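Beneath this line is the structure, given in structure tokens, with notes to follow.
Owing to the predicted nature of the structure, the values given are computational and were not obtained by experimental measurement. Letters A, B, ... are given to chains in the order of the sequence lines, protein chains preceding strands, and every chain is numbered from 1.
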Number of protein chains: 2
Amino acid sequence: MTTIRDVAKRAGVSVTTASYALNGIGSIGEATRKRVLEAAEELNYHPNAFARHLKHRKTQTIGVFISRFGGSFYEEILEGIHSVILETDYELLVCPESRSTRRILLHRQVDGAIVFDSKISNEAVLKLASRRFPIVVLDRFLQGEFILPLLLDNPQGVREAFGHLYHQGLRKMAFVAGAMDSFDNAERMATFLAEAEQHALHVPVYQGNFTEISGYEIAQTIIQSDELPEAVFCANDQMALGFLRAMKEHGLHAPADIAVVGFDDIPQTRYMQPSVSTISASRFEWGTTAVRQLIDFLENESPFQPRRIPTRLQARQSSTL
Amino acid sequence: MTTIRDVAKRAGVSVTTASYALNGIGSIGEATRKRVLEAAEELNYHPNAFARHLKHRKTQTIGVFISRFGGSFYEEILEGIHSVILETDYELLVCPESRSTRRILLHRQVDGAIVFDSKISNEAVLKLASRRFPIVVLDRFLQGEFILPLLLDNPQGVREAFGHLYHQGLRKMAFVAGAMDSFDNAERMATFLAEAEQHALHVPVYQGNFTEISGYEIAQTIIQSDELPEAVFCANDQMALGFLRAMKEHGLHAPADIAVVGFDDIPQTRYMQPSVSTISASRFEWGTTAVRQLIDFLENESPFQPRRIPTRLQARQSSTL
DNA sequence: ATAATCAAGTGAACCGTTTCACTTCGCTGA
DNA sequence: TCAGCGAAGTGAAACGGTTCACTTGATTAT
């Protein structure tokens, strides 16, 4: 590995001069600067990032903490984040859940974090966040001067979906809930029930856990009961898929027998027969917004702008009479 | 930030002793060790990763270089890599194409690399690879003592697909090729044509570029020609999807009018109507194999084991008469 | 002629660890 | 009694950069 000392020696200058010349700062004569740059080029010199970070106590890196790579779930968000990073001189460190998450966060290997991993506790986030280490959270509602929660606009999409069902004359509705500890689930449920209440409807809630199988099992239960609901809203698409699978197995059709709406707009929903109505959000924009705000905070200390990511109903076959 | 000096001071020992105690090496009395660990705990001390890396000239990090996050393409490979990393004391740095790729590679911020990004040139890989910096490439055939190409077993899957078509009595076949500079495309095509030749078949080749639209356009051309082939093999699924879309628009059905087979087993193939025959590989296993070999090389200098990732035909509706 | 100014360049400390080479000291065995 | 030893602990250099405070020597103003 060639170091700046090698470069300095070859250019016949001091290390200080070499450093200034390479970084284009300090007052260095044109001829000298050129000599240093040439030497660096000839020796194929590249500064050691660790030495630099150690000195600067900054890493020019944004950390993104997700629970796993799979599931198509983070893909678009990451693409969005990446697209912004490309325009900046920051780097991107994507870290799936593991011991290293703790390590990386604690060892300050990144300048700021975007958190989308419920395994990271609220306490941890609260403890870590500081002026020197702002955190954007995408998966929870958490307030703090140096914490920005950036969440989906669940109410908007859910209200739209409710209206879509209601205006088609459907009155007997059911709600299939996801994991209890999920903020999104809570908000989707609260909104749906509030809308129903406004229209004097009673909506039974079935407790699932966001998995396909939980949707499937809940559908079994519902189908075996006395009378079927006219419409079911599932707190996410996986459960809607499970629900539809059970319906199919019992010879029931959506939307004729039960209209079904999900949430997230995962790719399969488009390809299923029938195609599945769902609520979409621009996950790409979610990612770009998150990283823009984070970098803006790091560079200019601009206070966080609370914001919701818009959602939109995608009315497809499974709920359109 | 608390440093090891703070810990040493609080424990009333030298920095050296603190370091040894924290790392569990050197000869340090039991009582002293305990005192140091307590001090570290109380001060919430975490060693600075950069200082450590600087000293060690090792980062305990594997870099994965992909072209982008989207497209479901890397997902499973990354999951596989991640699952292995979890069992080791290495960390994972996933880097989508950008200036930073160069930076990270050149600045030796990782101990070894897994490359799956055709934008990184062969020359770059050849120049970088060394005993101290082994590289696994997943997207090209590249030989070198410190380079391990880990590729799909294209011939196996393609031969299976050819047999599947041939045994159903199909004789008039066509091949829809992907990007010219792709190793996978070349190998798939070579295998298919060789198989055809063995059975005295002539197979016309249509040049696409792996995109859905190129498959669509080629289908248009073929459909407007005098006589249709009985079967078409597309070098990847995207093109197969485009091909099927064009067929549908012209009122043609797969497999009755033309049997279609793709390659990659992307999720949609399962959900389409008709479901699309394709060739699958365990991408998860691809990832685990890659990182296992890399770490094994780093730790034990065990020479690379050339290997192919097995592929398997998934015969679905689009090609099953 | 001389002081002031300025551009160009340099020495050395520092960032936070690790680790080599060394010291200290109590104990054992002859 | 004392050489020798091993356990416990320490000082300081090193990793590879950056940057503060400083020197040098030429130019300018008076």
Give me the residues of residues 17-39 of chain B where at least one heavy atom lies under 4.0 Å from an atom of DNA chain C, by number, or none.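 The answer is Ser19(B), Tyr20(B), Asn23(B).
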
Contact interval (first through last nucleotide) of DNA chain D with protein chain A, 4.0 Å heavy-atom: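 With heavy atoms of chain A under 4.0 Å away, the range is dG16(D) to dC20(D).
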
By the 4.0 Å heavy-atom rule, please label [X] as base, sugar-phosphate, or nothing.
{"X": "Arg57(A)", "value": "sugar-phosphate"}
{"X": "His53(B)", "value": "nothing"}
{"X": "Val15(A)", "value": "base"}
{"X": "Thr16(A)", "value": "base"}

Between Glu301(B) and Arg131(B), is the salt bridge (Lys or Arg N to Asp or Glu O under 4.0 Å) condition met? List the steps. CA-CA 8 Å; Glu301(B) 300 234 349; Arg131(B) 185 177 309 282; 3.0 Å; yes

Could you check Gly12(A) against Arg5(A) and say which one's nearest nucleotide on DNA chain C is further toward the 5' end?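 That would be Gly12(A).
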
When the distance from CG of Asn48(B) to C1' of dG16(C) is rounded to whole Å, what number comes out?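 Distance check: Asn48(B) CG to dG16(C) C1' gives 6 Å.
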
For dT19(C) and His56(B) - does any side-chain N or O of the residue sit under 4.0 Å from the phosphate oxygens OP1/OP2?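 Looking at the OP1 and OP2 atoms of dT19(C), one of them is under 4.0 Å from a side-chain N or O of His56(B).
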
If you count the non-hydrogen atoms of other residues, nucleotides and ligands that lie under 6.0 Å from NZ in Lys58(B), is the total more than 12?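 Counting neighbours around NZ of Lys58(B), more than 12 heavy atoms of other residues, nucleotides or ligands fall under 6.0 Å, so yes.
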
What residues form a side chain to side chain donor-acceptor pair (under 3.5 Å) with Thr2(A), not counting sequence neighbours?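 Thr2(A): no side chain to side chain donor-acceptor pair (under 3.5 Å) contacts found.
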
Aromatic ring pairing Phe146(B)/Phe297(B), orientation class (parallel under 30°, perpendicular over 60°, tilted between):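 Correct class here is perpendicular.
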
